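On a predicted model such as this, the values are computed, not experimentally measured, just so you know.
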Amino acid sequence: MQDSDAESQRNETSSPSSRLRRVCSRVLTAGALVLIFAALIMPNVVGRLARPGTYVRLPIEGFLAIGVVLLLRGRWKRIGAGAFGAGLGLLTVEKAVDMGFNKVLSRPFDLVLDWELLDDAYSFVRDSAGQAAALGTVAGIVVLIVTVLVLMTRAALRVAKVAERHRTVSARTSVAGIAVWVVLLVLGVQIFEPIPVASRASVMYAWDRVVAVQAGLQDEENFAREVTVDAFAATPPDQLLTALRGKDLFVTFVESYGRSAIEDPVLAPGTVKVLDEGGAELAKAGYAAKSGWLTSPTAGGGSWLAHATLLSGLWINNQQRYRNLTASERLTLTSLSKRAGYDTISVMPGAKYAWPEGAFYGYNRVYDSRNTGYVGPKFGWSPQPDQYTLSWFQKNVHGPAHAPLFVEMPLVSSHTPWAPIPNFIDWDDVGDGAVYEQIKKDGKRSGSIWKDPAKIKREYSRSIQYTLTTLISYLEKFGDENTVMVFLGDHQPAPIVVGDGASRDVPITVVAKDKAVLDRVAGWNWTDGLKPAPDAPVWRMDQFRDKFLTAYGPGAGVAGRALSAPRR
């Protein structure tokens with residue numbers, strides 16, 4: 001009878017369905033191990049995925065986790081395994097988010113400060129591709145996050161269950177793995193340099209995130225002290241910008257106009273041609289120019305951080321600093337110009353909603369895409385072409401009789417996705433913008449260029465050329481003896497254009513017809529013309545405000561004409 005039962009058992013375990021279950025179980029276990037291994041060695045930078053050394057690694061966290069789980073008893077074993085899996089899932093999600101941030105903004109995601117940027121990212125997708133695409137993207141991301149968390153948790157629970165069934169083998173594997181890891185670490189073994197085989201990437205990554213959170217909290221205290229230190233806070237109004245009395249002062253940002261646009265072999269030829277030819281045309285019209293470099297606090301995006309840095313004279317490299325700045329009483333280049341008697345204006349063609357921060361900066365008026373009369377189509381993210389913005393401004397603000405102006409104008413036609421790009425047209429044809437309907441129809445679509453990195457680079461360069469051409473033509477046609485323009489980039493474009501590791505430098509140029517204006521900055525040793533030399537001085541962007549105010553203050557020369565009288 002016993003022989004019969006044993007035979008029945010053997011037949012049952014050797015049946016096709018039983019063998020299939022065993023095979024499936026082993027496959028699932030192997031899949032769980034591979035999933036955990038992949039999560040443990042996963043980098044947070046896209047470029048590292050192509051390095052062979054990324055995959056030839058021995059992660060210490062896996063061996064330690066097995067040992068800890070084996071020490072736990074009862075339900076704590078399952079709780080511990082589930083917590084490990086869920087935590088590893090969260091780290092995997094954050095690494096993936098880091099990949100996106102590193103690819104777009106050249107930095108990882110900040111767990112304390114960057115949540116607001118997710119809303120900006122949603123708005124960008126909605127404005128560029130439509131509401132349906134934005135909602136679909138959000139839904140896809142949510143599903144992906146939930147899937148990663150569920151799969152990683154289940155994988156950890158499965159491995160823990162198998163380890164418990166084979167306690168002796170699992171314990172020996174854990175101890176041997178830790179011992180081998182220690183030897184590899186001590187010897188510094190690297191099969192594919194410079195990546196060590198002994199990996200502690202996930203532990204170090206989690207620790208770095210904790211340190212980053214602590215640093216973010218500490219930075220708020222540091223900034224509260226920095227914002228109170230202002231060399232010009234007590235300067236009397238009649239001692240501010242005395243060398244620019246009677247001038248119209250423009251501070252014009254060119255979106256994504258970075259150093260690479262001038263120096264990268266692929267991007268530079270078209271930009272350099274526009275600058276060289278445009279500089280020659282401006283010289284014929286009586287202008288002179290000097291150019292240098294500024295280091296931006298941001299890259300790939302976050303233009304408002306660069307604007308705030310330049311105008312406030314403080315290093316605004318994250319959203320927390322920006323919020324605290326705009327809630328402070330810090331004087332900006334705008335508010336100081338207002339004290340000096342300028343009519344302060346912001347022209348923001350990229351703004352589609354109310355901008356309460358305008359009151360902090362000190363603008364008398366803010367013009368944006370809602371009140372500049374444009375009836376034409378959007379161009380990618382940009383609500384209206386830069387040439388239209390300047391044309392409207394000339395007709396409605398700069399052209400009529402006016403008191404001396406301080407104008408901040410962030411131009412946006414070179415904003416990603418760089419398709420379609422408007423064409424530069426005759427100023428008389430700009431009108432109310434209806435002419436751009438056909439221009440947009442004839443332009444490229446973003447979907448047609450974002451499949452090919454070479455096309456992205458070409459269209460980015462074309463967008464910079466368009467805005468620079470527009471600016472130069474505006475100065476040539478509408479500028480006068482009292483026009484002083486500072487134009488600069490806000491930041492470098494995304495790494496997909498300039499590559500990983502590109503500098504954060506942007507060009508800056510001062511243009512004027514009045515020779516005395518340029519004489520005031522001779523000591524800066526900037527390059528003559530619209531294109532800064534490679535060895536031209538490089539300043540941090542937050543240094544510009546004080547250097548500019550000093551150069552054009554009474555200590556640097558004799559004051560010019562009074563500001564009070566309107567002129568044509």
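Judged purely by atom type and a 3.5 angstrom limit, T147 uses its side chain to pair as donor or acceptor with the backbone of V143. Within the 3.5 Å criterion, the main-chain N or O of K378 finds a donor-acceptor partner in the side chain of K440. Between the side chain of R445 and the backbone N or O of G443 there is at least one donor-acceptor pair closer than 3.5 Å. The backbone N or O of P349 lies less than 3.5 Å from no partner atom in the side chain of T389, so there is not a single donor-acceptor pair. Side-chain atoms of D386 come within 3.5 Å of backbone atoms of V412 as a donor-acceptor pair (strictly under, hydrogens ignored). The backbone N or O of V229 lies less than 3.5 Å from a partner atom in the side chain of R330, making a donor-acceptor pair. Judged purely by atom type and a 3.5 angstrom limit, T527 has no side-chain atom pairing as donor or acceptor with the backbone of A536. No side-chain donor-acceptor contact under 3.5 Å links S335 to the backbone of L331. Although no hydrogens or angles enter the test, the distance criterion places a donor-acceptor pair under 3.5 Å between the side chain of Q492 and the main chain of S503. With S448 contributing its side chain and K444 its backbone, the two residues share no donor-acceptor pair below 3.5 Å.
Scanning all heavy atoms of the two residues, the minimum distance from V274 to I472 falls at O-CD1, 3.9 Å. Residues L111 and W115 share a closest heavy-atom pair of O-NE1, 2.6 Å. Minimum heavy-atom separation, D546 to A231: OD2-CB, 4.3 Å. The two atoms that bring P507 and P532 nearest to each other are CB-CG, 4.1 Å, heavy atoms only. Between A86 and L149, the closest heavy-atom pair is O-CD2, 4.0 Å. Of all non-hydrogen atoms in S256 and I464, the two that sit nearest each other are O-CD1, 3.8 Å.
For the pair K547 and W539, the cation-pi test (distance below 6.0 Å, angle within 45°) is passed. For the pair K352 and W381, the cation-pi test (distance below 6.0 Å, angle within 45°) is passed.
With contacts defined as side-chain heavy-atom distances shorter than 4.5 Å, the pair Q387/T469 does not qualify. Within the 4.5 Å cutoff, no side-chain heavy atoms of V484 are placed close to those of V511. Side chains of L471 and L411 form a contact here, defined as non-hydrogen atoms less than 4.5 Å apart. Within the 4.5 Å cutoff, no side-chain heavy atoms of V538 are placed close to those of L294. Taking the side chain as every heavy atom from C-beta outward, E357 and Y322 approach each other to under 4.5 Å. P269 has its side chain out of reach of K273: every pair of non-hydrogen atoms, C-beta onward, lies at least 4.5 Å apart. Under the 4.5 Å side-chain criterion, counting only non-hydrogen atoms from C-beta, P417 is in contact with W450. At a threshold of 4.5 Å between non-hydrogen side-chain atoms, the residues V497 and I456 count as touching.
Within 6.0 Å of CZ in R323 there are more than 12 heavy atoms belonging to other residues, nucleotides or ligands. Other residues, nucleotides and ligands contribute more than 12 heavy atoms inside 6.0 Å of the CD atom of Q218.
Close placement of the Y361 and W355 rings is indicated, their centers lying within 6.0 Å of each other.
Expressed to the nearest 0.5 Å, how far CE of M485 lies from CZ of F250 amounts to 5.5 Å. Rounded to the nearest 0.5 Å, atoms CG (L333) and NE2 (H307) are 13.5 Å apart. The structure places CZ of R504 at 7.5 Å from CZ of R107, a figure rounded to the nearest 0.5 Å. To the nearest 0.5 angstrom, I449 atom CD1 is 12.5 Å from K457 atom NZ. One finds the OG1 atom of T309 at 12.0 Å from the CD atom of Q543 (value rounded to the nearest 0.5 Å).
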Could you please spell out the steps behind the side-chain hydrogen bond (donor to acceptor under 3.5 Å, both in side chains) verdict for R365 and Y367? CA-CA 7 Å; R365 298 186 302 287; Y367 299 108; 2.9 Å; yes
Run the numbers on M541 and S296 for side-chain contact (heavy atoms from CB on, under 4.5 Å), then give the verdict. CA-CA 6 Å; M541 193 174 281; S296 176; 3.9 Å; yes
So S463 and E459, side-chain hydrogen bond (donor to acceptor under 3.5 Å, both in side chains) or not? Walk me through it. CA-CA 6 Å; S463 73; E459 296 307 306; over 6 Å; no
Go through the steps for N317 and T298 under the test side-chain contact (heavy atoms from CB on, under 4.5 Å), then give the verdict. CA-CA 6 Å; N317 63 336; T298 184; over 6 Å; no
Could you check L311 against E408 for side-chain contact (heavy atoms from CB on, under 4.5 Å), going step by step and ending with a plain yes or no? CA-CA 10 Å; L311 295 173; E408 189 232 355; 4.1 Å; yes
Given the rule in the side-chain hydrogen bond (donor to acceptor under 3.5 Å, both in side chains) test, do D505 and T295 qualify, once you have shown the distances and angles that lead to the verdict? CA-CA 4 Å; D505 295 348; T295 301; 2.8 Å; yes
Would you please test S303 and E255 for side-chain hydrogen bond (donor to acceptor under 3.5 Å, both in side chains) and show each step? CA-CA 8 Å; S303 303; E255 170 68 35; 2.8 Å; yes
Take M42 and M99 through the test side-chain contact (heavy atoms from CB on, under 4.5 Å) and record every step on the way to the result. CA-CA 11 Å; M42 177 182 174; M99 286 186 183; 3.8 Å; yes
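Evaluation of the ring-ring contact (aromatic ring centres under 6.0 Å, His included) rule for F101 yields F109 as partners, not counting sequence neighbours. Every residue was checked against the side-chain hydrogen bond (donor to acceptor under 3.5 Å, both in side chains) condition with W315, not counting sequence neighbours, and none meets it. Legend: residues meeting salt bridge (Lys or Arg N to Asp or Glu O under 4.0 Å) with R48, ordered by chain and number and at least two apart, are absent. Y466 is linked by a side-chain hydrogen bond (donor to acceptor under 3.5 Å, both in side chains) to nothing, counting only residues two or more places apart in sequence or in another chain. Applying the salt bridge (Lys or Arg N to Asp or Glu O under 4.0 Å) criterion to E263, with sequence neighbours excluded, gives R259.
Ring pair W524/Y552 is perpendicular by interplanar angle, where above 60° counts as perpendicular and below 30° as parallel.
Pairs passing the ring-ring contact (aromatic ring centres under 6.0 Å, His included) check and including a residue from residues 184-224, sequence neighbours excluded, do not occur.
Using a cutoff of 4.0 Å between basic side-chain nitrogens and carboxylate oxygens, R321 and D219 are scored as salt-bridged. The pair E61-R200 does not meet the salt-bridge criterion, since no charged nitrogen lies less than 4.0 angstrom from a carboxylate oxygen.
Under 3.5 Å, the side chains of Y55 and R57 contain no donor-acceptor pair of N or O atoms.
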